[in-house]
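The chain is numbered in sequence order, starting from 1.
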Amino acid sequence: MTNPADSSFDALHPPSRELLDDCVHCGFCLPTCPTYQLWGEEMDSPRGRIYLMDLAERGEIELEGAFTEHIDACLGCMACVTSCPSGVQYDRLLEATRPQIERNVRRTRADRLFRDGIFALFPYRRRLRAASVFGAAYQKLGLARLAERVLPPRLRAAQALMPPVTLRNAFAKLPRRVRPEGPARARVAMLSGCVQDVFFHEVNVATQRVLAAEGCEVLTPREQGCCGALGLHAGREPHAVKHAKRTIETFDSLPVDHIVVNVAGCGSSMKEYGHLLADDPEWAERARRFSAKVRDVSELLAELGPRAPRHPVRARVAYHDACHLGHAQGIRDEPRAVLRTIPELEVVDLPEAEICCGSAGIYNMVQPEPAAELGERKAANIRAARPDLLVTANPGCLLQIARYLDGVPMLHPVQLLDAALQGRQLP
């Protein structure tokens, strides 16, 4: 790929001059940027990173070295997009910049192998299921304490994020079709996910039950795979494109009103397929139509309104906004509105709600030190809210926060709603 004249970026979708010029460097993004809050370093703020992109676009700085370090340090949480009064599309700029780094910057051998290992495992359910067998044995033998002492930081972070492994859930299969209770209000297809289906299978089961209770026929195709979210957020564009096309092919033939997602990061990426495949004449229109059908589960439930009776839940519940739900998709009110349909439930917000917990896709594995600082900060803010229960709509957030927060049970919002519909006891 040849470079445009005088640019350090190659010619394949570099950050556009028009988007770069939108930033007036006002600084409204600074209080919401996690890395700026940690370090107070201008080049680790959104406007500082845009300045670096501007220099690279003009050919005044190379992509190797400091440029890559500051872009790698970004969580991609998009809190700056929410806070920007000028409408700067930092999400588009970052999505254009990270693939440039992946194509044109040679990482160290250790870094390359670690990242390749992540993408060889996490997007594939069969491999995750095989890994879960070893994970269950690892946890049963109590090897985590030994690992904490001998593993390097990245591997130590990866093993610390491992959820409790239940082989029965890891190998369980979801029903392909769940009929609605009462008159049908909608027919939907559900993304079951990769990590979600293997390690958070009970969230998928609860999602099917809740949708059926609210009058939805739920189709869950078995042959589905990774949606490409991890690759898209990490700048691995070929990976994201391949899995986006497979996902579209899987769901395209289903006669459904909506495609429902219960993972914030996946839903954010699937709503971006129209942009991701915009230059492909065979896929652009299919991708646009597909993305228009995607709904987060809370988004759809809020749109439908409550129909099934709820049992009271006497609890104080803190809601944590997953970044790719609140900032990337702009879905903040809907989850809270759905939770408030549960009688006697008290829903409280967290201090510094806009600051990321440090999960951010693969960030807490490839950048373990800042991720740990953000995890501790989020846990402190949760404790300050004094909740009986924490709910959040992303498995990465659940794993990240669980590492730093003791004594507060955590659930996906749809699990809490499922418990209220069935009258089940909470943890």
Side-chain angles (χ1 to χ4, degrees), residues 163-164 166 169 172 174-175 178-186 188 190-193 196-197 199-218 220 258 260-264 267 295-322 325-326 331-350 353 382 385-395 397-398 401-402 405 407-427:
T166 306
N169 281 343
L174 293 165
V178 179
R179 295 184 182 276
E181 297 177 17
R185 304 166 81 187
V188 303
M190 190 181 87
L191 181 84
S192 55
Q196 184 80 336
D197 200 34
F199 296 114
F200 293 91
H201 180 79
E202 65 279 5
V203 176
N204 283 339
V205 173
T207 302
Q208 286 187 329
R209 275 201 302 253
V210 166
L211 289 170
E214 294 291 16
C216 295
E217 180 181 0
V218 187
T220 309
H258 307 291
V260 177
V261 189
N262 57 21
V263 177
R295 297 285 189 281
D296 180 75
V297 61
S298 64
E299 185 181 14
L300 178 61
L301 291 170
E303 182 182 315
L304 290 172
R307 187 174 80 177
R310 277 90 162 129
H311 293 81
V313 175
R314 298 175 184 86
R316 178 180 171 89
V317 173
Y319 177 75
H320 163 66
D321 287 281
L325 193 61
I331 297 174
R332 297 182 189 83
D333 296 336
E334 293 89 341
R336 292 170 170 84
V338 169
L339 290 171
R340 288 185 175 118
T341 65
I342 301 173
E344 301 186 33
L345 187 73
E346 181 186 4
V347 181
V348 298
D349 292 329
L350 297 175
I382 293 167
R386 298 178 292 104
D388 302 312
L389 183 73
L390 176 78
V391 295
T392 188
N394 203 57
C397 298
L398 289 168
I401 295 170
L405 184 67
V408 180
M410 289 182 285
L411 294 174
H412 191 288
V414 80
Q415 290 177 288
L416 179 54
L417 181 55
D418 182 48
L421 291 173
Q422 296 192 57
R424 280 192 292 103
Q425 195 80 23
L426 287 174

Item checked: Arg314 vs Leu345, side-chain contact (heavy atoms from CB on, under 4.5 Å): CA-CA, chis, key distance, verdict -> CA-CA 5 Å; Arg314 298 175 184 86; Leu345 187 73; over 6 Å; no
Next item on the list: Using the side-chain contact (heavy atoms from CB on, under 4.5 Å) rule, take Leu191 and Gln196 through it: C-alpha gap first, then chi angles, then the decisive distance, then the call.
Entry: CA-CA 10 Å; Leu191 181 84; Gln196 184 80 336; over 6 Å; no
Item checked: Test side-chain contact (heavy atoms from CB on, under 4.5 Å) applied to Val348 and Glu346, step by step -> CA-CA 6 Å; Val348 298; Glu346 181 186 4; 3.8 Å; yes
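Scored by the side chain to side chain donor-acceptor pair (under 3.5 Å) test, Glu217 finds Arg177, Arg187 as partners (sequence neighbours excluded). Listed by chain and number, the residues in a side chain to side chain donor-acceptor pair (under 3.5 Å) with Arg336 are Asp321, Asp349 (sequence neighbours excluded).
Under the 3.5 Å distance criterion, the side-chain polar atoms of Arg310 are left unmatched by any main-chain donor or acceptor of Ala420.
When only modelled atom types and interatomic distance are considered, Asp296 and Ser298 share a side-chain donor-acceptor pair under 3.5 Å. Side-chain contact, Ser192 with Asn204: no donor N or O sits under 3.5 Å from an acceptor N or O.
Interatomic distance, CG of Leu417 versus CG of Leu301, reported as 6.5 Å (0.5 Å rounding). Note that CG of Leu300 is 9.0 Å distant from CZ of Arg185, once rounded to the nearest 0.5 Å.
A salt bridge links Arg209 and Asp418; the closest N-O separation between the charged side-chain nitrogens and carboxylate oxygens is under 4.0 Å. For the pair Arg307 and Glu214, the salt-bridge criterion is not met [side-chain N within less than 4.0 Å of a carboxylate O]. A salt bridge links Glu303 to Arg295: at least one charged side-chain nitrogen sits closer than 4.0 Å to a carboxylate oxygen.
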